[in-house]
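Chain letters run A, B, ... following the sequence lines, proteins first and then strands; every chain starts at 1.
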Amino acid sequence: MTSPRLLREFFARDPVVLARDLLGRVLFYKTPEGLLAGRIVETEAYTGAADPASHAFRGPTARNAVMFGPAGHAYVYFTYGMHYCLNVTAEAPGTAGAVLLRALEPLAGVEMMRARGDHGPESRLLSGPGKIGRAFGLSLDDNGRDFTRGPLGLAAGTPVPTREVAISRRIGISRAVDLPYRFAVASSRSVSK
DNA sequence: CCACCGATTGCT
DNA sequence: GCAATCGGTGGT
């Protein structure tokens, strides 16, 4: 997981496969104020035309444009009037696909995360997609960032064995509710509720 | 142009 | 169980 080219290949796959493979890897964000990082413990896959729950289901729009671009870029969307959620794009250009990062275990920058207002237990600072957006200070300015270059990126981390992976239905959606596209590290206290 | 509603969270 | 809070989306 070092060269931009190898990273690009890693991301440019079926988002369902990518969502599983992202577990255990490390998401980092090098901000001017310091390093933020977390171990990925919960993800969800969203595909395109075949997935009614995906923002890309009805085709390209201004909001979902990066989902149709090259893999390995941040798709950040604003929802419920207050939350910013982070995805990493998948698939080849022209084909929509993304993985929603739903929960991380904090590894670095806990002070900075707390400074943004969450005073709960450390293990719960990043235990939900909206909480990741808040703790990392994400906004629409981050939409489209290249994970293979910029301050936002992925480090190898440690592999998660199959017996530790819990596969289930996606959370908070009203369509395509039966697809087993959610992946979580069973033993982690940081998985969303 | 307008009305609806969401890939959420936290409090009652 | 439900309010907060607002821009994207789709229909008129």
Side-chain angles (χ1 to χ4, degrees), chain A residues 11 13-23 27 38 40-69 71-91 95-106 110 113-145 147 152 165-185 188-193:
Chain A
F11 289 121
R13 295 181 289 153
D14 180 332
V16 179
V17 175
L18 180 60
R20 158 67 180 90
D21 280 4
L22 283 171
L23 294 181
L27 175 75
I40 299 171
V41 295
E42 183 184 350
T43 60
E44 280 181 358
Y46 287 87
T47 63
D51 182 0
S54 173
H55 289 171
F57 180 60
R58 299 173 188 278
T61 65
R63 178 175 68 155
N64 66 25
V66 304
M67 281 186 73
F68 290 85
H73 288 251
Y75 167 48
V76 177
Y77 67 89
F78 179 63
T79 192
Y80 290 101
M82 62 190 92
H83 301 296
Y84 293 93
C85 300
L86 174 66
N87 296 250
V88 57
T89 60
E91 301 283 18
T95 301
V99 174
L100 173 67
L101 301 179
R102 288 195 56 92
L104 317 174
E105 288 174 357
V110 171
M113 297 178 196
R114 287 200 181 289
R116 297 195 162 114
D118 190 330
H119 297 287
E122 180 173 322
S123 66
R124 309 296 303 171
L125 291 178
L126 304 171
S127 61
K131 296 173 82 172
I132 293 174
R134 173 181 179 175
F136 274 49
L138 300 179
S139 73
L140 291 186
D141 289 346
D142 297 299
N143 190 45
R145 281 193 195 283
F147 275 77
L152 200 51
V165 178
I167 304 176
S168 59
R169 293 183 287 199
R170 293 175 292 184
I171 292 176
I173 57 172
S174 57
R175 291 174 295 190
V177 295
D178 290 334
L179 295 177
Y181 285 0
R182 174 169 175 255
F183 300 85
V185 176
S188 178
R189 288 167 296 161
S190 299
V191 170
S192 71
K193 294 175 176 170

With nearest nucleotide decided by heavy atoms, which residue, A:Leu140 or A:Met82, maps closer to the 5′ end of DNA chain C? A:Met82
Any donor-acceptor pair under 3.5 Å from A:Ser123 side chain to A:Ser190 backbone: no
Examine distances only and state if a side-chain atom of A:Thr43 and a backbone atom of A:Leu100 form a donor-acceptor pair shorter than 3.5 Å. no
Can you confirm whether A:Phe11 sits close enough to A:Thr89 that some side-chain heavy atom of one is under 4.5 Å from a side-chain heavy atom of the other? no
Over how many whole Å does the gap from A:Arg116 atom CZ to B:dT9 atom P extend? 17 Å
Knowing that exactly one of A:Asn87, A:Leu86, A:Asp142 qualifies, which makes a side-chain contact (heavy atoms from CB on, under 4.5 Å) with A:Tyr75? A:Asn87
Below 4.0 Å: OP1/OP2 of B:dT8 and any side-chain N or O of A:Arg134: no
Minimum heavy-atom distance A:Phe147-A:Leu27, with the two atoms named: CE2-CD1, 3.4 Å
Of all of residues 122-133 of chain A, which get a heavy atom below 4.0 angstrom from DNA chain C, listed by number? none
Could you tell me how far apart A:Leu179 (CG) and B:dA7 (P) are, to the nearest whole angstrom? 15 Å
What is the separation between atom CD1 on A:Ile173 and atom C1' on B:dG6, rounded to the nearest whole Å? 12 Å
A:Ser54 side-chain N/O to A:Gly48 backbone N/O, donor-acceptor pair under 3.5 Å: no
Apply the test side chain to side chain contact (heavy atoms under 4.5 Å, CB included) to residues A:Phe136 and A:Met113: give CA-CA distance (whole Å), side-chain angles for both, the deciding distance (0.1 Å), then the verdict. CA-CA 7 Å; A:Phe136 274 49; A:Met113 297 178 196; 4.0 Å; yes
Watson-Crick or G-U pairs under 3.5 Å in DNA chain C, rendered as dot-bracket with [ ] for crossing pairs and | for another strand: ||||.||||||.
Holding to side chain to side chain contact (heavy atoms under 4.5 Å, CB included), I want the full list of residues that pass it with A:Val191, two or more places apart in sequence or in another chain. A:Val41, A:Glu42, A:Arg182, A:Ala184, A:Ser188
A:Thr61: what forms a side-chain hydrogen bond (donor to acceptor under 3.5 Å, both in side chains) with it, not counting sequence neighbours? A:Asn64
Contact between A:Glu91 and A:Pro15 at the side-chain level, heavy atoms closer than 4.5 Å - yes or no? yes
In the 5' to 3' direction, the nucleotides of DNA chain C bounding the stretch that comes under 4.0 Å of a heavy atom in chain A are C:dA4 to C:dG10
With salt bridge (Lys or Arg N to Asp or Glu O under 4.0 Å) as the criterion, how do A:Arg170 and A:Glu44 come out once you've worked through the C-alpha distance, each side chain's angles and the decisive distance to 0.1 Å? CA-CA 7 Å; A:Arg170 293 175 292 184; A:Glu44 280 181 358; 5.5 Å; no
Using whole Å, what does the distance between atom P of nucleotide B:dT9 and atom OH of A:Tyr84 come to? 15 Å
Taking CD from A:Glu44 and P from B:dT8, how many angstroms apart are they, rounded to a whole number? 7 Å
Can you measure A:Arg175 atom CZ to B:dC4 atom C1' for me and round it to whole angstrom units? 13 Å
More than 12 heavy atoms of other groups within 6.0 Å of A:Arg189 CZ: no
Using whole Å, report how far OH of A:Tyr46 lies from C1' of B:dA7. 4 Å
Spell out, as yes or no, whether a donor-acceptor pair under 3.5 Å connects the side chain of A:Arg114 to the backbone of A:Gly120. yes
Listed in order of residue number, which residues of residues 52-68 of chain A have a non-hydrogen atom at under 4.0 Å from DNA chain C? A:Arg58, A:Thr61, A:Arg63
Is the shortest side-chain heavy-atom distance between A:Glu105 and A:Leu126 below 4.5 Å? no
Whole angstrom value for the distance that separates P of B:dT8 from OH of A:Tyr80: 5 Å
